[in-house]
Amino acid sequence: MKVMVIGGGGREHAIVKKLKENRNITELYCLPGNGGIARDATCVNIGATELERILEFAKAHRIDYAVVAPDDPLALGAVDLLEEAGIACFGPRKNAAIIESSKVFAKDLMKRYHIPTACCEVFSDLEAALSYLQTAPMPIVVKADGLALGKGVFIAQTLLEAEEAVRAMMADKRFGKSGERVVIEEFLEGPEVSVLSFTDGKTVVPMISSMDHKRAGEGDTGLNTGGMGTLAPNPYFTPAVAERCMQEIFLPTVLAMAQEGRPFKGCLYFGLMLTKDGPKVIEYNCRFGDPETQVVLPLLKTDLLTVMQAVTDGNLADCPVEFFDGAAACVIMASEGYPGSYGKGYPITIPAADWERVYVAGAKEQDGQLVSSGGRVLGVCAVAPTLPQALKEAYERVGRIHFDHAYYRRDIGKRALAVGEA
Ligand code: AMP
Ligand code: GLY
């Protein structure tokens with residue numbers, strides 16, 4: 001069987017490594033992939049949003065199955081295009097990917113189907129948004145409607161900050177078209193949980209829960225990033241919380257999308273906040289999370305391709321999905337300065353024995369040497385019977401890996417471990 005994965009970061013590396021366990025896959029491609037993924041799949045220099053070239057490649061190489069991992073190609077309709085050409089895909093069609101690509105759509109869906117989320121108002125007029133803010137309680141959250149590389153969310157402590165955020169999006173067009181409409185929503189408090197799920201549009205199977213660490217600095221300070229570390233399972237996501245989320249959020253969302261004529265097939269990511277009034281949706285993503293995937297997939301016991309095909313075929317209800325009992329941790333090694341400006345081209349050394357649990361996010365091969373090429377460079381992971389062990393082993397592995405100007409948070413898992421002690 002010939003399989004291609006679209007994308008080129010740490011998440012795609014984790015997907016590729018898991019798919020490789022399936023012996024029926026004879027050829028595995030990644031478009032564009034990266035210098036680390038090249039160890040596990042054949043990388044092809046076609047960008048994730050070059051849809052016509054992707055289709056051409058898939059036809060020429062008689063690809064049997066495609067996994068579209070990033071949000072951009074999904075929002076552009078990569079799955080629609082490939083499926084129309086007869087290529088089976090994992091990922092939602094464009095009309096379902098909108099659950100991530102338009103926050104206005106997502107908020108409206110939740111409102112109409114009574115799915116718990118932060119109260120909000122939507123604005124497409126700058127003056128109306130500014131006038132609303134005058135009497136709104138602070139802190140408040142300002143979000144750009146469209147995709148913004150995870151940077152379109154601003155938590156304002158004061159009226160001045162909120163006004164600045166709205167102006168940056170609506171007047172200065174900092175996020176281009178994505179900021180033409182803004183969502184202004186209630187500030188929620190509580191522990192955050194990420195739950196990735198498989199869904200075929202009817203059945204929803206949550207994967208093991210995870211916790212992201214979004215801020216750049218230790219103690220959850222500094223700028224928001226794409227994620228500086230993850231762990232799974234998330235200790236806040238108890239069986240009672242899981243059951244409540246299933247009934248109040250997961251199932252209602254999947255059924256709502258089907259009812260709207262937008263059946264969601266693929267990985268639906270629930271970003272949740274466990275507030276004192278119960279779990280609420282912070283965001284939906286129409287894809288695997290990065291770096292959540294790096295801790296979730298290593299714990300998946302069932303063959304990944306089998307589950308993905310059950311999703312595509314609409315047979316998920318008949319496909320048992322099992323996870324291992326242990327825990328996993330991932331520490332992101334970034335290039336100093338990220339998410340601001342950072343250097344590139346630093347040679348990376350990784351002991352051979354550690355490669356199994358290293359997922360490469362931003363590195364390329366140059367004259368036979370792996371060198372950094374992005375802000376987030378490596379996801380250094382470990383799987384162990386318990387969370388404290390997984391964290392310890394991930395940090396030990398970090399200690400054996402070297403590149404100049406490497407930066408990583410030393411406190412990944414600190415909060416999660418404190419839950420265990422409480
Ligand atoms: P998002 O890109 O939507 O995941 O938002 C980024 C981060 O902003 C989330 O992980 C939360 O920590 C925070 N956030 C988003 N919405 C809210 C909210 N309504 N209240 C408090 N924090 C929020
Ligand atoms: N780690 C959060 C995301 O993938 O959006």
Side-chain angles (χ1 to χ4, degrees), residues 7 9-12 14-15 69-72 74-75 97 99-107 110 116-122 136-157 161-162 165 169 175 178-179 182-197 207 209-216 220-232 234 236 267-277 279-297 330 332 334 339 359 361 376 379 412 415:
R11 162 185 54 205
E12 287 76 12
I15 293 171
D71 49 1
D72 295 342
L74 290 167
I99 199 165
E100 173 172 2
S101 59
S102 170
K103 290 199 196 301
V104 173
F105 171 87
K107 296 300 291 193
M110 288 186 271
T117 185
C119 295
C120 79
E121 296 286 335
V122 176
M138 298 294 146
I140 202 157
V141 184
V142 181
K143 300 186 175 185
D145 174 39
L147 298 177
L149 296 171
K151 291 175 187 147
V153 173
F154 196 85
I155 297 173
Q157 300 295 335
E161 284 178 6
M169 288 177 196
F175 303 107
S178 287
V182 299
V183 173
I184 300 183
E185 74 176 26
E186 172 196 10
F187 176 75
L188 298 178
E189 279 175 288
E192 284 187 56
V193 182
S194 306
V195 179
L196 283 58
S197 71
M207 297 180 224
S209 62
S210 54
M211 181 189 282
D212 195 1
H213 296 69
K214 284 209 166 85
R215 307 288 285 272
D220 296 318
T221 56
L223 294 173
N224 248 325
T225 70
M228 292 303 292
T230 41
L231 55 86
N234 185 323
Y236 288 104
C267 173
L268 182 53
Y269 167 127
F270 299 90
L272 307 170
M273 196 170 271
L274 308 182
T275 75
K276 60 177 180 8
D277 302 320
K280 295 193 179 184
V281 177
I282 288 281
E283 63 162 349
Y284 292 118
N285 290 326
C286 67
R287 52 172 174 85
F288 283 99
D290 189 345
E292 285 87 345
T293 307
Q294 290 87 315
V295 289
V296 170
L297 287 187
C330 174
I332 296 291
Y359 301 107
R376 288 193 295 176
I412 300 302
R415 230 168 345 118

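Computed from a predicted structure; not experimentally measured. Remember, it's 1-based here, ligands and their atoms both numbered in the order they're listed. Throughout, residue positions are numbered sequentially from 1 according to the sequence presented.
Looking at Asn285 against ligand 2, only its side chain comes within 4.0 Å, counting heavy atoms. In Asp212, neither the side chain nor the backbone holds a heavy atom less than 4.0 Å from any atom of ligand 1.
Protein heavy atom in closest approach to atom 5 (O) of ligand 2: Arg287 NH2, 2.9 Å.
Heavy atoms of Gly226 come nearer than 4.0 angstrom to ligand 2 in at least one pair. For the ligand labelled ligand 2, residue Phe288 lies outside the 4.0 Å heavy-atom shell. At least one heavy atom of Lys143 sits less than 4.0 Å from an atom of ligand 1. Within the structure, the closest approach of Gly289 to ligand 2 falls below 4.0 Å when heavy atoms are considered.
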Handout entry: Pair Glu292-Met207, side-chain contact (heavy atoms from CB on, under 4.5 Å): steps then yes or no
Key = CA-CA 11 Å; Glu292 285 87 345; Met207 297 180 224; over 6 Å; no

Practice task
Show your working on side-chain contact (heavy atoms from CB on, under 4.5 Å) between Leu268 and Phe270 and close with a plain yes or no.
Solution key: CA-CA 7 Å; Leu268 182 53; Phe270 299 90; 3.6 Å; yes

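Which parts of ligand 2 touch Glu292 is read off a 4.0 Å heavy-atom cut-off, strictly below it: atoms 1 (N), 2 (C), 4 (O). Residue Tyr269 approaches ligand 2 through these ligand atoms, each under 4.0 Å from one of its heavy atoms: 2 (C). Those atoms of ligand 1 that come under 4.0 Å of a heavy atom in Phe187, given as number and element, are 20 (N), 21 (C). If you number the atoms of ligand 1 from 1 as listed, the ones under 4.0 Å from a heavy atom of Glu185 come out as 16 (N), 17 (C), 18 (C), 19 (N). Less than 4.0 angstrom separates some heavy atom of Val141 from each of these atoms of ligand 1: 16 (N), 17 (C), 18 (C), 19 (N), 20 (N). Residue Lys214 has at least one heavy-atom neighbour below 4.0 Å for each of these atoms of ligand 1: 4 (O), 10 (O).
Just one residue in the list Glu121, Glu185, Glu283 forms a salt bridge (Lys or Arg N to Asp or Glu O under 4.0 Å) with Lys107, and that residue is Glu185. None of Ser209, Pro279, Pro191 except one satisfies the side-chain contact (heavy atoms from CB on, under 4.5 Å) rule with Tyr236; the exception is Pro191.
Between the side chains of Thr230 and Asp212, no donor N or O sits under 3.5 Å from an acceptor N or O.
To the nearest 0.5 angstrom, Cys120 atom SG is 9.5 Å from Ile184 atom CD1. Here the SG-CG distance, from Cys286 to Asp71, works out to 6.0 Å after rounding to the nearest 0.5 Å.
A donor-acceptor pair under 3.5 Å is absent between the side-chain atoms of Arg11 and the main chain of Gly289, judged by distance alone. Distance alone, capped at 3.5 Å, is enough to place a donor-acceptor pair between the Arg376 side chain and the Gly227 backbone.
Comment: Lys214 does not engage Asp220 in a salt bridge, judged by the lack of any side-chain N to carboxylate O separation of less than 4.0 angstrom.
Taking any N or O of Asp212, backbone or side chain, at least one lies under 3.5 Å from an N or O belonging to ligand 2.
The heavy atom nearest to atom 23 (C) of ligand 1, out of those in Ile184, Leu188, Ile282, is found in Ile282. Selection from Ile140, Thr117, Val183, Val153 by nearest heavy atom to atom 6 (C) of ligand 1 gives Val153.
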